[in-house]
Amino acid sequence: MHNLKEIRKNFDAFEKELKKRTTEINFSQLKKLDIQNREFIQKKENLEKEKKDISKSKDKSLFAKSKELSISLDEISKKQNVLKSELEKILSNIPNLPHPDVPSGKDENDNVEIGKFGQIPDFNFKPKSHYELGEELGMLDFDLATKTTGSRFVFVKSKLALLERALSNFMLDIHIQKNGYEEISPPLLASENTMFGTGQLPKFENDQFEVKLDKDAERKFLIPTAEVILTNIVKDKILDIKSLPMRFVASTPCFRKEAGSYGKDTKGMIRQHQFYKVEMVSVVEQNKCLDELERMTKCATGILDLLELPYRKIILCSGDMGFSAEKTYDIEVWLPSENKYREISSCSSCSTFQAVRMKTRYKDSNKDTLYAGTLNGSGLAIGRTLIAILENYQQKDGSITIPKVLKPYMNNLEKISIN
RNA sequence: GGAGAGAUGGCUGAGCGGUUGAAAGCACCGGUCUUGAAAACCGGCAAAGGGGCAACUCUUUCCUGGGUUCGAAUCCCAGUCUCUCCGCCA
């Protein structure tokens, strides 16, 4: 969320920056409401002052007057509350501003490739897709998931289930032992306010799975990513500057409705309602966001280097970035069956955007209270890593070689093949 | 599910209906002292919002929402959450 005080300083410049994100925000309405709101605040404060003075004076002859003041104060407060909530409604739906580094563009076609890394495998046969390989091995079962649950779910079985678990442990170990993240095993449900803090609500409610609870209970949502719950660790806090940077990592299931993606990636496990992901979150001083973003992205690509999977790094254009991000790198892994790169990680700096929503601050050396910077990145999406290993490590006979670094996590298994 | 207790500043924790934005302690910052550090002593230290070029000033905030009152952290009502004990259960 943006700080209205900052917007007010240069309303037109803000509007111009925001236009890069192709949004439909009613600026004149925002401006008008802000002016009106401040007028009402002043009226309100005048009355409050008058009332306060009377009660301080303890002058009985003025008590009746004070009672009258209360009535008009009540009216004005009500009006001001309406203005304020309208203002907040608009504000909470405005996305973050793109950082100047970010190329402007409309959609994913305008993203800019930064580099390609790793060796694309050269097969002397036609590589199969991950779902062909998995189903032939008898270790990916989509039909069974349809029977028990519905579409966009999968049963992962046997050695592939072991591979999935190995990936999770391997990635966690690297981030904990080499990259300085603290391991967290968080709740998988988040409250409404928590979802607001990272920007999933109110605008993207349709993408979230909400849990059905007793009628009057507080609403709860299945996390679409551990980012939500990890970032909100610092919600409503004034942090000690010495505790920064804070770095958290968790491997959790993620739940997404994938509304609006009907017909997209329907085959296989590229796009599922549920998938495992290892997520990194950093909380930093606000001027350290971009450095941390580079660091975090390296933590993500480091995993791919170790797994010896070919990938490329791209920077998202202004129109393709997530709601809370100021700058985002996507990491895409090579998928032989599709003959192209597919997203496997996304690392974003959210500047102070989420911190304003969460009220996360710290004091700098001048004792000024500043909003913190937050970042999040996948390191990596487990399901898609599994896919990438199936496809890139496949052999002509349909077996899968195990990447070197994973063998210790898989009882030194050399390869997965049909029994 | 049954019975109690509680929710106050970065943290711990006081608080008769009227200079209480809120004691005290810790933490933190500055200073004195010291070769340096520690200790001791002195001083400072809430957030959000409004107005002002600024010095500064005003308002709000003691879980949330109502109510009583000229005046509420303090009294009343409702709700949320947390803790303890018992029961049930992973």
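Because only heavy atoms are used, hydrogens play no part in the values below, and waters and symmetry mates are left out as well, while side chains stay in.
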Plane angle bin for His175(A) and Tyr181(A) - parallel if under 30°, tilted between 30 and 60°, otherwise perpendicular: perpendicular
So what does the secondary structure string of RNA chain B come out as, 5' to 3', with Watson-Crick or wobble pairs under 3.5 angstrom, [ ] for crossing and | for pairs with another strand? ((((((((.[[[..)..(.....]]].(((((.......))))).((((((....)))))).[[[[[..)....]]]]])))))))....
Return the residues of residues 75-89 of chain A meeting this criterion: a heavy atom under 4.0 Å from some atom of RNA chain B. Order them by number, or give none. none
From the set C58(B), G50(B), G10(B), return the single nucleotide nearest to any side-chain atom of Lys49(A). C58(B)
Given G50(B), A46(B), G71(B), the nucleotide with the shortest approach to the side chain of Ser70(A): G71(B)
Decide, yes or no, whether a salt bridge links Arg152(A) with Glu258(A) under the criterion of side-chain N to carboxylate O below 4.0 Å. no
Within the structure shown, what part of the strands sits under 4.0 Å from Ser57(A) by heavy-atom distance: base, sugar-phosphate, or nothing? nothing
Lys313(A), NZ: over 12 other non-hydrogen atoms inside 6.0 angstrom: yes
Testing A47(B), G49(B), C70(B) for proximity to the side chain of Lys363(A), the answer is A47(B)
Pick out the pairs of N or O atoms, protein on one side and nucleotides 17-20 of chain B on the other, that lie under 3.5 Å.
residue, atom, partner, partner atom, Å
G18(B), N2, Ser55(A), O, 3.0

Using OP1 and OP2 only, check whether a side-chain N or O of Arg38(A) sits under 4.0 Å from G51(B). yes
Testing U59(B), A47(B), G50(B) for proximity to the side chain of Thr369(A), the answer is A47(B)
G71(B) P sits how many Å from Leu47(A) CG, rounded? 14 Å
May I ask you to say what Lys65(A) touches in the nucleic acid, namely base, sugar-phosphate or nothing, with a heavy-atom cut-off under 4.0 Å? nothing
5′-ward residue of the pair Gln42(A)/Lys67(A) relative to RNA chain B: Gln42(A)
From CG of Asp368(A) over to P of C29(B), roughly how many Å is that when rounded to an integer? 16 Å
I need the CD-P distance between Glu48(A) and C70(B), as an integer number of Å. 18 Å
Within the structure, does a side-chain N or O atom of Lys51(A) lie under 4.0 Å from either OP1 or OP2 of G71(B)? yes
Nearest whole Å is fine: how far is C11(B) C1' from Asp236(A) CG? 16 Å
Between Leu309(A) and Tyr393(A) the two heavy atoms that sit nearest each other are CD2-CE1, 3.9 Å
Is it true that atom NZ of Lys237(A) has more than 12 heavy atoms of other residues, nucleotides or ligands lying nearer than 6.0 Å? no
Please determine if a side-chain N or O atom of Arg8(A) lies less than 4.0 Å away from the OP1 or OP2 oxygen of G50(B). yes
Can you tell me the distance, in whole Å, between the OH atom of Tyr362(A) and the P atom of C11(B)? 19 Å
So which atom in Ala259(A) and which in Asp207(A) form the shortest heavy-atom distance, rounded to 0.1 Å? CB-OD1, 4.0 Å
Looking at every strand, decide which applies to Lys52(A) at a 4.0 Å heavy-atom threshold: base, sugar-phosphate, or nothing. sugar-phosphate
Only residue of Thr374(A), Leu239(A), Val281(A) satisfying side-chain contact (heavy atoms from CB on, under 4.5 Å) with Met246(A) is Leu239(A)
Could you go through Arg342(A) and Glu338(A), starting from their C-alpha distance and side-chain angles, then the distance that decides it, and tell me whether this counts as salt bridge (charged side-chain N to carboxylate O under 4.0 Å, His left out)? CA-CA 9 Å; Arg342(A) 295 296 302 254; Glu338(A) 299 192 13; 2.9 Å; yes
